[in-house]
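Contents: one structure, followed by commentary.
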There are 4 protein chains.
Amino acid sequence: MNKVILVGHLARDPEVRYTQSGKAVASFTIAVNRNFGGTPEQREADFIPIVAWERLAETCGNNLTKGRRVLVEGRMQVRSYETAEKQRRYVTEVIAQNIEFLDSRKQGGPETGAAPADMSSFGKDVFPDEEIPF
Amino acid sequence: MNKVILVGHLARDPEVRYTQSGKAVASFTIAVNRNFGGTPEQREADFIPIVAWERLAETCGNNLTKGRRVLVEGRMQVRSYETAEKQRRYVTEVIAQNIEFLDSRKQGGPETGAAPADMSSFGKDVFPDEEIPF
Amino acid sequence: MNKVILVGHLARDPEVRYTQSGKAVASFTIAVNRNFGGTPEQREADFIPIVAWERLAETCGNNLTKGRRVLVEGRMQVRSYETAEKQRRYVTEVIAQNIEFLDSRKQGGPETGAAPADMSSFGKDVFPDEEIPF
Amino acid sequence: MNKVILVGHLARDPEVRYTQSGKAVASFTIAVNRNFGGTPEQREADFIPIVAWERLAETCGNNLTKGRRVLVEGRMQVRSYETAEKQRRYVTEVIAQNIEFLDSRKQGGPETGAAPADMSSFGKDVFPDEEIPF
DNA sequence: TTTT
DNA sequence: TTTT
């Protein structure tokens, strides 16, 4: 069991890259507000990096922009890499398995009078044997 | 919503420290196996740092040791700090809100014939204004 | 571990009642859409009864109306009762521990130009020794 | 989002049935202890019906017996049916998407000296167009 | 730096 | 480095 559920706003537009073998990888950061328990003034947030693969990556690239609100279901993953100075460094990311778009419509899009619709995209749980491209 | 649920084994004994004001803080790492979906041979794990506060910290210190299996419910938190070389560095931890001890008894303890009992400790969600002591 | 996380729309206005001892209890039903995986046309939903206690109950009564979208975190509870015909019947409800209001503003309220704000209410986990009043 | 995570013990052996088209369906009930917050004596439990489909159903039938401890990840589903007396009745079940077997070995099986192994079975999220057979 |  |  390695389950993460987050609701937050995109802190920046998603970047979509492709692995050697052509798999799409989207990455972005979401700001998850905390402090609901504290005084409502001092709003703080955790900025959490999200990674999505394949079809889900493409859906993110096509539909999400900075500021949009999403619910992300995924798992925590710790990646390690080596710096130019031969130091081991660790990165923690959430590998998205499922993302729900919580805003009714894409930002900037024409506000249709239609009832707000949930959008949702599913991705199976991938453990690709390829590196996440930087 | 910032929710994490993990099941894993302690990769090391918990360390319990105290803040200036005397709050207990336990920290340890759990190994969460992945790859259940892949070939069963290549076992890999994510090593995820856990932080518990106050009463829950003390329960961890008194009851958990390396190797024990736990279910951790908490939230992801990203902390930043500055290195001696004035570089900003980020650490991601899970702040535990609730831990269930999934083994029947403490390691090494006398195996009582008693029915295995779930142990569980609850901690309220703390956002202390104090630093996590290193 | 008994954890439920749902996102859905209120199928009716909340009803707030009070126990003998004066504890507030709110109950309502949310419609949780499914079928995202299936053909997008055939929308179906699960109608899931939610119960909130005390301060959280009052927040629900004061802020939620039919149609509003919420994220509910809670636990599943099965209650049994006896019918007039002496038959045992079972009801499954979600006891809310935390509710996030996912719409920017209360329904019918004046649409302020202000940035949409997340509202959130917390309730501790109650296992009251009192019946849920019908 | 319709997510349920439960840890409990099987209250009875799973029953495996087959639909018209040959799909396996396992059903069983798990006892999820509560009251951790209350006095530790008065142990109470919620008895929650679980349904698993296809490959996951078969894994349950082959590996689970009364008393075993499991972690169930799934979604809540409300089914309605009509009694012989033409009354509409509702059943709430958890449709399992993933089950982790939390005991090292099958009950009654020879206690091997081998290191306890997590077993895990995955099922995709099915919304079959067939009835759950009684 | 790691668990079973 | 950040969102509302």
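From a predicted model like this one, the values you see are computed outputs, not experimental measurements.
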Distance, rounded to the nearest Å, where [X] contributes [atom1] and [N] contributes [atom2]:
X	N	atom1	atom2	answer
B:I30	E:dT3	CD1	C1'	10 Å
B:L102	E:dT4	CG	P	15 Å
A:D13	F:dT3	CG	P	12 Å
B:L10	E:dT3	CG	P	11 Å
B:R89	F:dT1	CZ	P	12 Å
B:I48	E:dT2	CD1	P	15 Å
B:L6	E:dT3	CG	P	18 Å
A:E44	F:dT4	CD	C1'	15 Å

Nearest-neighbour nucleotide for the [X] side chain, [options] considered:
X	options	value
B:T29	E:dT3, F:dT2, E:dT2	E:dT2
A:H9	F:dT2, E:dT2, F:dT3	F:dT3
A:R88	E:dT1, F:dT2, E:dT3	E:dT1

- Indicate yes or no for a side-chain donor-acceptor contact from A:D13 to the backbone of A:T65 under 3.5 Å, with no hydrogens or angles considered. no
- Query: Do side-chain atoms of B:R17 reach the backbone of B:S27 as a donor and acceptor pair under 3.5 angstrom?
  - Reply: no
- Task: Report which part of the nucleic acid B:Y90 touches: base, sugar-phosphate, or nothing (heavy-atom distance under 4.0 Å, all strands).
- Result: sugar-phosphate
- Interatomic distance, CD1@A:I5 vs CD1@D:I5, rounded to 0.5 Å, equals 6.0 Å
- Item | Aromatic stack A:F47/F:dT2: centroid gap under 5.5 Å, interplanar angle under 30° | yes
- Decide side-chain contact (heavy atoms from CB on, under 4.5 Å) for A:D46 and A:L6; before the verdict, give the C-alpha distance in whole Å, the side-chain angles of both, and the deciding distance to 0.1 Å. CA-CA 11 Å; A:D46 289 288; A:L6 304 170; over 6 Å; no
